[in-house]
**Student:** 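Structure incoming, see below.
Counting from 1, the numbers follow the sequence of the chain as shown. In this text, all values refer to a predicted model and were calculated from it rather than measured experimentally.
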Amino acid sequence: MMKEGINKLDEELMVKFLMGECSEEELHKVNTWLDESGENARELFRIEQIYHLGRSEEFADEKRIERAEKQLFKRLKQEEAKRYKMRRMNTWMRYAAMFIGIFFISGLSYHIYQSQSETDDLVAVTATDKVKELMLPDGTKVWLNKYTTLKYPREFSEKGRNVYMEGEAYFEVKRDTEKPFIVRSEAMQVRVLGTVFNLKSDKANPLAVATLVKGEIEVKGNRDEGMIVLSPGQKAELNGMTRRLVVKQVDTGIENWHNNQFVFEKADIFTIARTLESSYGVKIILAPDMDSTKTYTGALKKKNTVEEVLNSVKNVIPIEYKIVGNSVFLSSRK
């Protein structure tokens, strides 16, 4: 019975699923097959365990290593081609910006001196190899991620509160209905009255992301990509290549890098797993017996390794885990 069920799922599709190369349509086929029976789900979990055990160094043979090397070299070439294309595009964009600046200097909305017309007395703060926390003149708190620069006036004017950022920063804005707080960056600007949000935007990355934690923010593209208003738990992504501004839902916990914690609000085990995957660069595989209906609220201290975090999670959620290479298998504790 078990083997007949597996034969119904195309072998090539199974391989692509294990390697994480399925399209959305192919993933839908896999999920449909999983929904057919609990036996299918348990069998796939067992196959994934065998597959990842086989990829670990302890069980590797020469042919497997050779295949893995070929795949690695192929991916490296693909990534190098992407990086070369991106470098050429960035170079073109820099030259275009210079020419535009010569003739249309007032049109560079992301340039700090335009946004700070009320004063030339700017303070520039840069975080180097660690997160830096600072307090702005109005009482706003800002955490700068590594290699991020923030420019702001020594005193805000009566017209508003304007700052310029390149990199990634987490803002807790002091509320002032008379003076909107505006963060200008390379790709977008964010306008708020008093709220908590995260902004990631720099010249090297074509994707700029604004994530709202509390309150409400207005996000606007610098090059007529549009304007949207976010609610808590949403993020605005602006692709500098396609010039598309879109809204997406986000997992809780991912944007709390500034205080070295994961903060979860009614999060199920799948949300927690995705957060840990993103933070520690691992793949977490959940057993079919994991209860997805239960939710958890609270803060989880970040650790050096995913294993240390999982040991903390075990104190709250009844789980067992097994780590094989870069894969983590989670199941319910009996």
**Student:** What distance do Leu245 atom CG and Lys220 atom NZ have between them, rounded to the nearest 0.5 Å?
**Tutor:**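 Separation between the atoms: 11.5 Å.
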
**Student:** Within this structure, what is the CG-CD distance for the pair Leu199 and Gln189, rounded to the nearest 0.5 Å?
**Tutor:** 11.0 Å

**Student:** Please round to the nearest 0.5 Å and tell me the distance separating atom CG of Leu286 and atom CG of Leu330.
**Tutor:**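 Those atoms lie 5.5 Å apart.
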
**Student:** With clusters defined by side-chain heavy atoms of hydrophobic residues (ILVMFWY) lying less than 4.5 Å apart, directly or transitively, does Val219 cluster with Ile182?
**Tutor:**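 No, because Ile182 and Val219 fall into different hydrophobic clusters, even though each may have its own neighbours under 4.5 Å.
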
**Student:** Please tell me if the side chains of Lys314 and Glu320 come closer than 4.5 Å, counting only heavy atoms from C-beta onward.
**Tutor:**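 Side chain of Lys314 against side chain of Glu320, heavy atoms only: contact under 4.5 Å found.
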
**Student:** Taking all heavy atoms of Leu212 and all of Val196, pick out the closest pair and write down the distance.
**Tutor:** CD1-O, 3.4 Å

**Student:** Which heavy atom of Ser292 sits nearest to which heavy atom of Phe270, and what is that distance?
**Tutor:**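 So the minimum-distance heavy-atom pair works out to CB-CE1, 3.0 Å.
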
**Student:** Is the side chain of Asn198 donor-acceptor paired with the backbone N or O of Ala210 at a distance under 3.5 Å, no angle test?
**Tutor:**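 Not a single qualifying donor-acceptor pair exists.
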
**Student:** Does some side-chain heavy atom of Met290 sit less than 4.5 Å from a side-chain heavy atom of Ile319?
**Tutor:** yes

**Student:** Name the orientation class of the two ring planes belonging to His258 and Tyr170 (parallel below 30°, tilted from 30 to 60°, perpendicular beyond 60°).
**Tutor:** parallel

**Student:** Establish, yes or no, whether the cationic atom of Lys301 lies under 6.0 Å from the six-membered ring centre of Phe262 and within 45° of the ring axis.
**Tutor:** no

**Student:** Using every non-hydrogen atom in the two residues, find where Leu238 and Ala187 come nearest and quote the distance to one decimal.
**Tutor:**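 So the minimum-distance heavy-atom pair works out to CD2-O, 3.2 Å.
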
**Student:** Please assess Gln234 against Val250 for the test side-chain contact (heavy atoms from CB on, under 4.5 Å), listing each intermediate value before the final yes or no.
**Tutor:** CA-CA 6 Å; Gln234 292 183 327; Val250 296; over 6 Å; no

**Student:** Can you get from Ile217 to Val247 by hopping between Ile, Leu, Val, Met, Phe, Trp and Tyr side chains that sit under 4.5 Å apart?
**Tutor:**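 Yes.
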
**Student:** Not counting sequence neighbours, which residues clear side chain to side chain contact (heavy atoms under 4.5 Å, CB included) with Asn315? List them please.
**Tutor:** none

**Student:** Under the side-chain contact (heavy atoms from CB on, under 4.5 Å) criterion, do Glu216 and Ser231 qualify, and how do the steps go?
**Tutor:** CA-CA 6 Å; Glu216 183 178 277; Ser231 298; 5.7 Å; no

**Student:** Go through it in stages, so that I can follow the logic: the residues are Val192 and Phe197, the test is side-chain contact (heavy atoms from CB on, under 4.5 Å), and I'd like the CA-CA distance, side-chain angles, deciding distance and then a yes or no.
**Tutor:** CA-CA 10 Å; Val192 301; Phe197 68 97; 4.1 Å; yes

**Student:** Taking Asn259's backbone N and O only, do any of them form a donor-acceptor pair with Gln261's side chain (distance below 3.5 Å, no angle check)?
**Tutor:**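 Answer holds: no.
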
**Student:** Could you list the donor-acceptor pairs under 3.5 angstrom formed between side-chain atoms of residues 135-148 and any protein atom two or more places apart in sequence or on another chain?
**Tutor:**
unit_1 : atom_1 : unit_2 : atom_2 : d
Asp138 : OD1    : Thr140 : N      : 3.1
Asp138 : OD1    : Thr140 : OG1    : 3.2
Asp138 : OD2    : Thr140 : OG1    : 2.8
Asp138 : OD2    : Arg161 : NH1    : 2.5
Thr140 : OG1    : Lys174 : N      : 3.0
Trp143 : NE1    : Glu133 : OE1    : 3.4
Asn145 : ND2    : Glu168 : OE1    : 2.9
Thr148 : OG1    : Asn145 : O      : 3.0
Thr148 : OG1    : Glu168 : N      : 2.9
Thr148 : OG1    : Glu168 : O      : 3.1

**Student:** If I compare all heavy atoms of Ser312 with all of Leu300, which pair ends up nearest, and what's the gap?
**Tutor:**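 Answer, listing the atom of Ser312 first, then Leu300: CB-CD1, 3.9 Å.
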
**Student:** Tell me, please, which residues at least two apart from Lys248 pass salt bridge (charged side-chain N to carboxylate O under 4.0 Å, His left out).
**Tutor:** Glu237

**Student:** Provide the closest heavy-atom pair for Ala204 versus Pro206 in the form atom of the first, atom of the second, distance.
**Tutor:** O-CD, 3.8 Å

**Student:** For Glu166, which residues count as a side chain to side chain contact (heavy atoms under 4.5 Å, CB included) partner, sequence neighbours excluded?
**Tutor:** Tyr164, Asp202, Lys203

**Student:** If hydrophobic clusters are built from ILVMFWY residues whose side chains come within less than 4.5 Å, do Val316 and Leu276 share one?
**Tutor:** yes

**Student:** Can you name the closest pair of heavy atoms from Glu307 and Tyr321 and give their distance?
**Tutor:**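 Minimum heavy-atom contact is CG-OH, 3.2 Å.
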
**Student:** List the residues meeting salt bridge (charged side-chain N to carboxylate O under 4.0 Å, His left out) with Asp289, not counting sequence neighbours, and say none if there are none.
**Tutor:**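 Checked Asp289 against salt bridge (charged side-chain N to carboxylate O under 4.0 Å, His left out); matches are Lys334.
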
**Student:** Are Val123 and Phe156 linked, directly or through intermediate hydrophobic residues, by side-chain heavy-atom contacts shorter than 4.5 Å (ILVMFWY only)?
**Tutor:**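 Result: yes, single cluster for both.
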
**Student:** When rounded to the nearest 0.5 angstrom, what is the spacing between CG in Leu193 and CG in Asp176?
**Tutor:**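 Atom-to-atom, Leu193:CG and Asp176:CG are 8.5 Å apart.
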
**Student:** Using a 4.5 Å cut-off on heavy atoms from C-beta on, say whether the side chain of Thr295 contacts that of Thr297.
**Tutor:**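 The answer is no; the side chains never approach within 4.5 Å.
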
**Student:** Check for a donor-acceptor pair, side chain of Thr275 on one end and backbone N or O of Thr271 on the other, with a separation under 3.5 Å.
**Tutor:** yes

**Student:** Can a donor-acceptor pair be found, under 3.5 Å and without considering hydrogens, that links the side chain of Glu308 to the backbone of Asn304?
**Tutor:**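 Yes: the side chain of Glu308 pairs with the backbone of Asn304.
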
**Student:** Would you mind reporting whether Lys283 and Glu277 have side-chain heavy atoms less than 4.5 Å apart?
**Tutor:** yes

**Student:** Only counting residues at least two apart or in another chain, list the ones meeting side chain to side chain contact (heavy atoms under 4.5 Å, CB included) with Thr126.
**Tutor:**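 Testing Thr126 for side chain to side chain contact (heavy atoms under 4.5 Å, CB included), a comparison that skips the adjacent residues, returns Thr149.
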
**Student:** Could you grab the distance from atom CG of Asp291 to atom OG of Ser332, nearest 0.5 Å is fine?
**Tutor:**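 Between Asp291 CG and Ser332 OG, I get 7.0 Å after rounding to 0.5 Å.
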
**Student:** Do the non-hydrogen side-chain atoms of Asp268 and Thr293 ever get within less than 4.5 Å of each other?
**Tutor:** no

**Student:** With a 6.0 Å cut-off on the ring centroids, do Tyr296 and Phe264 count as close?
**Tutor:** no

**Student:** To the nearest 0.5 Å, what is the distance between CG on Asn239 and CZ on Arg243?
**Tutor:**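 Between Asn239 CG and Arg243 CZ, I get 11.5 Å after rounding to 0.5 Å.
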
**Student:** Using the rule given for side-chain contact (heavy atoms from CB on, under 4.5 Å), can you reason through Phe181 versus Lys179, listing the C-alpha separation, both sets of side-chain angles and the distance that settles it, and then say yes or no?
**Tutor:** CA-CA 6 Å; Phe181 189 94; Lys179 298 181 183 179; over 6 Å; no

